[in-house]
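Below: the structure, in structure tokens.
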Amino acid sequence: MIRTPFTGHVRSGHVHRERISILDIPRVLRTVGGDRVLVGMVALAGLIAVCVGASLQVAMPNFAQNLGAGDEAGIGYGALLIALQARRAVSA
């Protein structure tokens, strides 16, 4: 099972997939640019992410005070910072 690819195909039935690089961005944008619903939903998701991220940054000092930042037992604030970085990594 370790040698079987995630797609479930064995090596003899390997399907060659095109590699995607950063240089393919213009091609992808031309391809999906005509789909107004898709472009609108991506733009909406981006705007929501910016608004939520901005409001979360403003609230961080209050979270720090409530979760005991600087105290010896203030593990809650460290957990909050780890969760914030994990959210950024996922959205990026």
Side-chain angles (χ1 to χ4, degrees):
M1 285 180 58
I2 292 173
R3 294 187 344 194
T4 304
F6 179 71
T7 60
H9 295 94
V10 293
R11 291 180 190 260
S12 61
H14 181 69
V15 178
H16 179 69
R17 293 198 172 110
E18 181 181 344
R19 296 202 48 131
I20 298 173
S21 71
I22 193 126
L23 300 175
D24 293 323
I25 290 174
R27 180 180 55 86
V28 171
L29 291 176
R30 277 192 305 271
T31 303
V32 299
D35 190 352
R36 299 177 95 184
V37 174
L38 181 62
V39 171
M41 294 307 286
V42 169
L44 181 63
L47 288 172
I48 290 171
V50 167
C51 293
V52 169
S55 64
L56 185 60
Q57 278 304 116
V58 171
M60 284 301 281
N62 292 334
F63 287 140
Q65 184 179 11
N66 293 339
L67 294 173
D71 297 341
E72 289 181 17
I75 196 165
Y77 185 64
L80 178 66
L81 290 177
I82 290 170
L84 182 62
Q85 290 303 318
R87 184 188 65 85
R88 286 183 181 167
V90 169
S91 65

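Here the structure is a predicted model, which means the values were calculated and not measured.
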Please determine whether residues I25 and L23 belong to a single hydrophobic cluster, defined as Ile, Leu, Val, Met, Phe, Trp and Tyr linked transitively by side-chain heavy-atom distances below 4.5 Å. yes
Mind checking the CE-CG spacing from M41 to D35? Nearest 0.5 Å is all I need. 11.0 Å
So does A59 get a backbone contact from the side chain of N62, meaning a donor-acceptor N/O pair under 3.5 Å? no
Of all heavy-atom pairs between V39 and V32, which one has the smallest distance, and what is that distance? CG2-O, 3.6 Å
